[in-house]
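What follows is a short report on a single structure.
Just so it is clear, the values below take in all heavy atoms, side chains as well, and ignore hydrogens, waters and symmetry mates.
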Amino acid sequence: AKTDEIIRDIETSFPNSSTRTAPRNSVRVIWVSSSAADSAPHPAIDFTNMDYHREEGIWSKYLPSKAGNVLHSAEFARRTADEGIISLVGNFVTNLQQNMPKMQLAMFKLITHHPKKGPYTELFAGLSLTITEHNDGGWARKDLVDPELGRKYWERSEEQVKAHW
């Protein structure tokens with residue numbers, strides 16, 4: 001399923017189901033992204049080229065897509081702030097880094113985890129009692145949690161899937 005379809009399903013089903021009976025902070029949405037989000041351009045999303053009518057290279061597409069996952073996480077956290085849902089993003093090494101220069105890959109491995117720990121990240125985010133709404137939608141790069149950018153990106157995502165709902 002496309003991320004936007006999942007977003008729409010989450011947005012419409014969560015408030016009407018488990019959050020009504022589950023303990024506060026026990027319902028979690030884990031967004032899979034990448035540390036590549038931190039390398040996205042400033043601004044992270046070019047709304048004038050969302051359909052790539054101007055061709056861009058693979059990294060020029062990939063980096064904003066990962067930033068988009070963070071934007072979705074932060075915006076979902078804002079939209080569900082009063083419902084006790086926690087929205088988080090995880091980070092680990094995958095084979096996507098196989099073509100990085102060796103020095104860059106070595107540095108990258110200092111701040112990420114081995115792929116087999118990917119499920120650990122999601123399990124921790126989903127089950128740890130130490131995670132509360134203070135961790136909700138958080139990310140180090142401040143522009144990726146900007147409310148205006150998050151709202152605009154979320155609405156753009158909804159617009160793209162409107163015909164499918």
field: Donor-acceptor under 3.5 Å (Ser87 side chain, Ser73 main chain)
entry: yes
- request: For Asp51, enumerate each residue passing the side-chain contact (heavy atoms from CB on, under 4.5 Å) test, keeping only those at least two apart in sequence or located in another chain.
  value: Asn49, His53
query: So Tyr153 and His72, would you call those rings parallel, tilted or perpendicular, with 30° and 60° as cut-offs?
result: tilted
message: Apply side chain to side chain contact (heavy atoms under 4.5 Å, CB included) to residues Val27 and Ile86 and explain how you reach the verdict.
response: CA-CA 6 Å; Val27 177; Ile86 305 295; over 6 Å; no
- request: Kindly say whether Ser128 contributes a backbone atom to a donor-acceptor pair with the side chain of Arg28 at under 3.5 angstrom?
  value: yes
query: Going from CZ on Arg156 to CD1 on Ile45, what distance comes out if it is rounded to the nearest 0.5 angstrom?
result: 10.0 Å
message: To check you understand the geometry: which heavy-atom pair defines the closest contact between Ala37 and Val70, and what is its length?
response: CB-CG2, 3.8 Å
field: Electrostatic pair Glu75-Arg79, nearest N-O below 4.0 angstrom
entry: yes
query: Roughly how far apart are Ser39 OG and Arg141 CZ, rounded to 0.5 Å?
result: 8.0 Å
Stepwise salt bridge (charged side-chain N to carboxylate O under 4.0 Å, His left out) test for Glu155 and Lys152: CA-CA 5 Å; Glu155 289 173 0; Lys152 186 174 179 180; over 6 Å; no
- request: Work out which heavy atom in Pro41 is nearest to a heavy atom in Pro64; give both atom names and the distance.
  value: CD-CG, 4.1 Å
message: Main chain of Asp146, side chain of Arg151: is a donor-acceptor contact present, judged purely on distance under 3.5 Å?
response: no
Between CG on residue Asn69 and CG on residue Leu144, distance to nearest 0.5 Å: 10.5 Å
field: Side-chain donor or acceptor of Ser26 paired with backbone N/O of Ala22 under 3.5 Å
entry: no
statement: In terms of heavy-atom contacts, Leu149 and Phe47 come closest through CD1-CE1, 3.6 Å
query: Do Asp38 and Lys66 meet the salt-bridge criterion of a basic N to acidic O distance under 4.0 Å?
result: no
- request: Decide whether Leu129 and Phe124 are clustered together by the hydrophobic rule: side chain heavy atoms of Ile, Leu, Val, Met, Phe, Trp, Tyr closer than 4.5 Å, transitively.
  value: no
query: Is there a path of hydrophobic side-chain contacts, each under 4.5 Å between heavy atoms of I, L, V, M, F, W or Y residues, that connects Leu71 with Met50?
result: yes
